[in-house]
Amino acid sequence: MLSMNKKTDYALLALSYLTRIEPGRTANTKEIAEQHDLPVELLAKIMQILAKARLVVSTPGPTGGYRLAKPAAEISVGAIIEVVEGRPALAQCMRSVDNVCGQHDKCTIRTPMMRINARIFQMLDHVSLAEINGDDSTDMHFLERELPQKIHPLSGAPESADSLSAVSLAKR
């Protein structure tokens, strides 16, 4: 169903590595690739994409490399996915604006699927690089803070408080 492509996996590994190096230090593509057994050439292309999107800063030269452009807590997983592979979509008809589907006039699932898709990526936009790296100082329990009510994914209407209390939102 929903999965990231290999380039996004590599981007997340590289960015994760950059969160663990000393502040102000850069890491070159070869260093990152060796750390995770990644193909250097592909990682170099991914790092260029991340630099163009200003998620990392590139320092040229023999002692150059990459460092995060902003704190890991300010870089969302959703932003990383979107930069590397574009905004993913659950259904084929959501992949592009001009995608013409033969079922368009009779489709009964497009609108509910669009709501589900939006909720998934809203969640990804609220998960930071710091959080996936286990930085406990990043309190990203957005389900408690940003989404106080569980939203029914098909109708978009809030569910009762009782149904939300059944969901466990355990803190770290």
Side-chain angles (χ1 to χ4, degrees), residues 1-91 94-97 114-151 153 167-172:
M1 190 174 151
L2 180 66
S3 66
M4 296 180 293
N5 67 33
K6 190 182 297 189
K7 288 181 181 179
T8 302
D9 290 342
Y10 292 174
L12 286 168
L13 286 170
L15 292 170
S16 175
Y17 182 79
L18 294 178
T19 66
R20 295 188 311 272
I21 63 174
E22 301 83 39
R25 182 171 98 71
T26 61
N28 64 37
T29 305
K30 184 179 179 194
E31 175 185 343
I32 299 167
E34 287 175 353
Q35 182 69 30
H36 295 289
D37 295 322
L38 304 176
V40 177
E41 298 80 18
L42 179 55
L43 184 60
K45 290 177 184 176
I46 293 166
M47 296 307 291
Q48 290 172 355
I49 291 167
L50 295 172
K52 186 176 180 181
R54 297 184 179 164
L55 294 178
V56 297
V57 174
S58 172
T59 305
T63 59
Y66 296 94
R67 63 180 170 76
L68 294 178
K70 49 189 164 183
E74 295 177 19
I75 300 173
S76 77
V77 172
I80 297 165
I81 293 170
E82 192 165 356
V83 162
V84 176
E85 62 187 76
R87 194 87 169 164
L90 290 175
M94 291 181 233
R95 297 208 184 276
S96 68
V97 175
M114 289 173 76
R115 287 187 194 117
I116 294 167
N117 199 70
R119 299 288 293 168
I120 289 170
F121 294 106
Q122 179 184 21
M123 181 179 68
L124 290 172
D125 285 338
H126 283 85
V127 176
S128 73
L129 183 59
E131 185 176 4
I132 66 168
N133 282 301
D135 182 351
D136 289 334
S137 67
T138 305
D139 183 21
M140 292 299 291
H141 297 283
F142 77 94
L143 289 174
E144 294 171 329
R145 191 174 62 246
E146 300 285 336
L147 304 172
Q149 295 181 346
K150 183 178 177 185
I151 304 297
V167 177
S168 172
L169 299 174
K171 292 196 179 217
R172 292 184 181 183

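Values reported hereafter were calculated over all heavy atoms of this structure, with side chains retained and with hydrogens, waters and symmetry mates removed. Nothing fancy with the numbering, it's 1 onward along the sequence.
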How long is the gap from [atom1] on [X] to [atom2] on [Y], to the nearest 0.5 Å?
| X | Y | atom1 | atom2 | answer |
| --- | --- | --- | --- | --- |
| Lys7 | Ile46 | NZ | CD1 | 7.0 Å |
| Thr8 | Leu13 | OG1 | CG | 11.0 Å |
| Leu129 | Leu15 | CG | CG | 5.5 Å |
| Ile32 | Ile21 | CD1 | CD1 | 7.0 Å |

For residues [X] and [Y], report the shortest heavy-atom separation together with the two atoms involved.
| X | Y | value |
| --- | --- | --- |
| Ser58 | Ala51 | CB-CB, 4.4 Å |
| Leu18 | Tyr66 | CD2-O, 3.4 Å |
| Ser128 | Ala72 | CB-O, 3.7 Å |

Ignoring hydrogens and geometry, is there a side-chain-to-backbone donor-acceptor pair from His126 to Gln122 under 3.5 Å? yes
For Asn5, is there any backbone N or O sitting under 3.5 Å from a side-chain donor or acceptor partner on Glu85? yes
What residues, two or more places apart in sequence or in another chain, satisfy side chain to side chain contact (heavy atoms under 4.5 Å, CB included) together with [X]?
| X | value |
| --- | --- |
| Glu31 | Tyr17, Arg25, Ala27, Asn28 |
| Ala69 | Val57 |
| Ala33 | Leu38, Val40, Leu43 |
| Lys52 | none |

In a table with atom names and distances, give each donor-acceptor pair under 3.5 Å that connects a side chain of residues 74-84 to protein atoms at least two apart or in another chain.
| from | atom 1 | to | atom 2 | distance (Å) |
| --- | --- | --- | --- | --- |
| Ser76 | OG | Ala79 | N | 2.9 |
| Glu82 | OE1 | Arg87 | NH1 | 3.0 |

With sequence neighbours left out, what residues match Thr26 under side-chain hydrogen bond (donor to acceptor under 3.5 Å, both in side chains)?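 In terms of side-chain hydrogen bond (donor to acceptor under 3.5 Å, both in side chains), with neighbours along the sequence ignored, Thr26 is linked to no residue.
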